[in-house]
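All remarks here apply to the structure that follows.
Each ligand, and each atom within it, is numbered from 1 in the order the structure gives.
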Amino acid sequence: MEQQKRYGHFDDQHREYVITDPQTPWPWINYLGNEDFFSLISNTAGGYSFYKDAKFRRITRYRYNNVPMDNGGRYFYIKDGNTVWNPGWKPCKTPLDFYECRHGMSYTRITGHKNGVEASVLFFVPLKKWCEVQKLTLTNQSQEVKRLKLFSFEEWCLWNAATDMENFQRNFSTGEVEIEGSTIYHKTEYRERRNHYAFYHVNTEIQGFDTDRETFVGLYNEFANPDAVMEGKPRNSHAHGWSPIASHYIEVTLQPGESKDFVFLLGYIENEQDKKFSAPQVINKDKAHALIGSLDTTEKVDKAFAELCEYWDALLNIYKVRTGNDKLDRMVNIWNQYQCMVTFNFSRSASFFESGVGRGMGFRDSNQDLVGFVHQIPPRARERIIDIASTQFPDGGCYHQYQPLTKRGNNDIGGGFNDDPCWLIFGTVAYIKETGDFSILDELVPFDNQPGTEVTLFEHLKVSMNHVINNLGPHMLPLIGRADWNDCLNLNCFSWDPNESFQTTENVSEGTKAESLMIAGLFVVTGKEYVALCQKLSSVHRGSASVYETEAERMQQAVDAMIEAVKKHGWDGEWYLRAYDFFGNKIGSNECEEGKIFIESQGWCTMAEIGAEDGMVAKSLDACKKYLECEHGMVLNNPAFSKFIYEYGEISSYPEGYKENAGIFCHNNPWVIIGECLAGRGNDAWNHYAKILPSYVEEKYQTLHKVEPYVNCQMVAGKDAARPGEGKNSWLTGTAAWMWYTVSEFILGIKPDYDGIRIDPCLPETAGDYTVQRKFREAEYNITVHPNGSQKGVKQIVLDGTPIEGSIIPYSVGSHTVEVTM
Ligand code: BGC
Ligand code: NOJ
C-alpha cells in the first residue's frame with residue numbers, strides 16, 4: 001500500500017477541518033448557506049453560488065470536469081511588486097509561505113501568506129440573507145510599507161446552468177451589466193422575463209473594475225494569468241454580450257503591522273414586476289442598496305457571523321455525546337449532523353459530483369434525509385413532508401423527483417419506482433416521533449399538486465401502503481416497477497439502445513413477474529410503523545378510534561402475509577434472495593453465477609426481523625460478513641457482475657467494484673448494521689460502522705480515499721475494483737442520514753418515540769460509560785449509560801433518582817437525569 005500522506009486534521013474545538021496543503025487528492029469542499037442562497041466552496045476557493053435551485057438560478061459560473069480540475073470560483077489576486085498570488089493558492093498557484101483552509105459549519109476561512117503579507121478570507125452566507133460574504137483581511141507582517149494591487153474576480157452564469165453550457169449562439173449576445181460606484185450588477189435577461197439580478201460589491205472605493213471576461217483575462221490567457229492583473233491595470237470594461245464577469249480593482253497601502261478589512265458581497269435580488277426599473281433600462285437597486293447597507297462594515301459582518309455560529313451552536317446542542325472516543329464524538333456531534341443538514345438542503349442536486357442541472361429533489365432521497373434532519377429544525381422537516389406528499393398520485397405511486405423551485409413533480413423521470421411510497425411513512429413517522437405533532441396527519445395535501453384533490457396526510461400514508469399491497473407479484477412479493485432503492489436494478493428495461501435511460505425506459509412491463517425482496521423488507525418495517533401509528537391514533541381517540549383499530553388490523557394482516565411470503569419465497573438457505581426477474585428467475589441466489597448475494601435485502605429483511613425465530617436473521621448477518629465484507633466496508637453484491645446482463649439493466653453496466661455493481665455503497669451498510677443492532681450483535685455492528693466512519697478512514701487513508709475525510713461519500717470502490725478504498729461522490733448521499741440514524745438511535749440507543757425516549761443501546765463489549773445530552777421537544781435529558789461489558793439489553797433505567805419500568809423514558813417538560821445500566 002502506498003504511503004498515506006496527510007493533508008489536514010480535525011479541530012474539534014472549533015468544529016473545523018483544517019487543510020494544510022492546497023493540493024488535496026481531490027477538491028475538498030464545503031457548503032455555505034442554510035435556506036435560500038447557497039454556495040459550494042473548495043479548499044482553493046473554487047465553486048459557485050445559486051439561489052434555491054442550482055439549475056435555474058445559477059449565479060456564478062463553474063466548469064465541471066475541467067482541466068485543470070476545479071476551475072472557476074471567487075478569486076482574489078494580490079499583486080505585490082512582480083509577484084501575483086492568491087490566498088487559496090489557485091488559480092495562480094504561486095507557492096505560498098503558508099496556506100490553510102478551515103472548513104467549518106457553513107463557513108470557510110482560507111488564509112495565505114506571501115512575502116510578509118497575510119491574506120485571510122472568511123466566506124459565509126449570513127442567516128436569512130441572499131448573499132455570500134467574503135471578508136478579506138490583509139495584514140502587513142513585514143517591516144516595510146506594502147503597496148498592493150488587489151483584484152477580485154467572479155464570473156457570472158447566465159442563470160440557467162444548463163443552457164449556459166449549451167446555447168452559445170444566443171448566450172454570447174445576451175450579457176448585460178451595470179456599474180454603480182463599487183458595485184457591479186449582473187442583469188442579463190432582466191429586460192425580458194426575469195425579475196432578478198445579482199451584484200458583486202465591495203465596501204470601499206475602487207480604483208477600477210472589469211466586467212468583460214476577455215478584456216480582463218485576455219483570450220489566450222487563463223485564470224492563472226489574467227492580462228489586467230499581470231499588468232496591474234484594470235481595463236474598466238463594460239460587458240455587452242459575451243461573458244460578463246465582475247472584478248474590482250483596489251490599491252492598498254499597508255504600514256508595517258497594519259491590517260485592513262474589505263467586505264465583498266455577492267448578492268441576489270428579486271423585484272416585483274412593476275418595480276423592476278428605476279429609469280428606462282436602469283434596474284431598481286433599492287433592495288440591493290438595503291442589503292449592502294446591512295453588511296457594509298466589519299462590525300456588521302462580524303455580528304452576522306456570530307449569529308451564524310450561534311445558530312450552529314444551538315443546532316449541535318440538541319444531541320451531544322461524550323464517549324471519550326474523539327473519532328466517534330466528532331462525527332456524532334459535528335460532522336455527521338452537519339452533513340445531514342447539507343443533504344437535507346441540497347438533496348442530490350449540487351456537489352462536485354452532481355452538476356446541479358440533473359436531478360431535483362428525490363421522493364425517496366428526501367424522505368430518508370429527513371431522518372437525519374428532523375431533530376434539527378422540525379418545522380422545515382414538516383414543510384418538506386407536505387411538499388413531498390403533494391407529488392404523490394391518488395393510487396399511492398409518486399413522482400420520483402420534484403423541482404425545488406416549483407415543487408412540481410418532474411415529468412422527465414416520472415414515477416414507477418415501487419419503493420418510493422413506503423418512504424413517506426418512514427419520513428413522517430420520524431417527524432411525529434421527534435415532535436409529538438400528530439396534527440401533521442390532518443394537513444390537507446393534494447395529489448400531483450392538483451388543487452381540489454386534497455386529502456389528509458394520513459390518507460396519503462394509507463395509499464402508500466396500499467400501493468405495495470395492490471402491486472404484488474406471483475410470489476405475493478412486491479412488484480419492483482422501474483427499480484426499487486437500487487436505481488440500477490432495472491428488471492423491466494431490456495435495453496440494447498445506449499441512447500435510452502435505464503431509469504425511465506420500460507421496454508416491457510406487461511406480464512412482468514419482477515419482484516423485490518428489498519421492498520418486501522421495507523414494507524414490513526414501515527408497515528409495522530404504520531400499525532403502531534394507527535394504534536397510537538386509536539388510543540388518543542382522534543376521530544373514531546375504531547377506524548384506526550380496523551386499519552391497524554388490516555395492515556397487520558398485510559404485514560404478516562408479507563413475512564410469510566418472504567419466508568416461503570424469499571429465503572435462499574443462507575441469506576435472503578434479492579429479487580425475481582421479469583421471467584420469475586431468482587436474483588441474488590446461490591444458484592446464480594454472479595450476484596449470488598445482495599446487501600439490500602439482507603439489510604431490510606434483518607431490520608424487519610423476518611424469520612428471526614427460525615435463525616434467518618443470524619444467518620443473513622453472517623453471510624454479509626462472509627461474502628460482502630471487505631477492508632473498507634460491505635460491498636453491494638457478490639460476486640460482482642463481470643458482464644452486462646440485458647435482463648438486469650444498469651447494475652451490470654458498471655465495471656466490477658464500482659457503484660451498484662459491488663461497490664461499497666455506504667448508504668446501505670447501515671441497514672445491515674441496524675440489523676446487527678436489533679439482533680444484539682454489538683461487536684459486529686461496531687466493526688461494520690467503524691469501517692465507513694469518516695474519522696476512522698481519515699486516520700488511515702487520506703490519499704487513497706481521495707474525497708473529503710470529514711463526510712461520507714456515496715461509494716467507496718469495492719474489493720473487486722482497481723483501487724479498493726477509493727471514495728467517490730462525496731457529500732450528497734443518503735449515507736449521511738442513515739449513519740446518523742444508526743449511531744444515534746441504534747448504537748448509542750437514544751430513540752425518540754411517541755411517548756418519550758426509548759433507550760436501547762447496542763455496543764461493542766469494549767465500550768465504556770458514556771453520556772448523551774438530548775434535547776427533546778420541551779425537555780432535556782442528561783443520559784449516562786453504563787454498558788458494563790454488555791452488548792445489548794437494558795437492565796435498569798433510573799429517571800431523576802427513581803427507577804422506572806421498561807425502556808421508555810416518559811416525556812415530560814424540563815431537565816432530567818437518566819442513569820442506564822446494561
Ligand atoms: C447511479 C445511481 C443513481 C441513478 C440516478 C445511476 O447511474 O448509478 O446511483 O441513483 O443513476 O438516476
Ligand atoms: C442514488 C440515488 O440518489 C438513490 O435514490 C438510490 O437509491 C441510490 N443511488 C442507489 O441506486
Minimal non-hydrogen separation, Cys666 against Pro670, with atom names: O-CD, 2.9 Å

With sequence neighbours excluded, residues passing salt bridge (charged side-chain N to carboxylate O under 4.0 Å, His left out) with Glu591: Lys586

Per-atom contacts, ligand 1 versus Lys659 - under 4.0 Å to a heavy atom: 1 (C), 2 (C), 8 (O), 9 (O)

Within 6.0 angstrom of Asn66 CG, more than 12 heavy atoms from elsewhere: yes

Arg380-Asn345 side chain donor-acceptor pair, cut-off 3.5 Å: yes

Closest protein heavy atom to atom 7 (O) of ligand 1, given as residue, atom name and distance to 0.1 Å: Glu650 OE2, 2.5 Å

Polar side chain donor-acceptor pair, Lys691 to Asn669, under 3.5 angstrom: no

Test applied, side chain to side chain donor-acceptor pair (under 3.5 Å); reference residue, Glu708; option that passes from Trp731, Trp26, Trp28: Trp731

Which residue and heavy atom of the protein sit nearest atom 11 (O) of ligand 1, plus the separation: Gln503 OE1, 3.8 Å

Residue that, paired with Asp572, satisfies side chain to side chain donor-acceptor pair (under 3.5 Å) out of Ser620, Ser601, Ser589: Ser589

For atom 9 (O) of ligand 1, closest protein heavy-atom neighbour: Glu660 OE2, 2.6 Å

Side chains of Glu506 and Asn492, donor plus acceptor under 3.5 Å: no

For ligand 2, the residues whose heavy atoms come within less than 4.0 Å (ordered by chain, then number): Arg348, Arg359, Arg364, Asp365, Trp485, Asn486, Asp487, Glu660, Phe665, Gln714

Residue portion contacting ligand 1 (non-hydrogen atoms closer than 4.0 Å) for Phe502: neither

Pair His667-Gln368, side-chain donor/acceptor within less than 3.5 Å: yes

Enumerated ligand 1 atoms positioned under 4.0 Å from heavy atoms of Tyr654: 1 (C), 6 (C), 7 (O), 8 (O)

No-hydrogen, no-angle side-chain donor-acceptor test under 3.5 Å, Asp720 and Tyr658: no

Proximal ligand 1 atoms for Gln714, defined as those under 4.0 Å from one of its heavy atoms: 9 (O)

Top protein contact for atom 10 (O) of ligand 1, by heavy-atom distance: Asp487 OD2, 2.5 Å

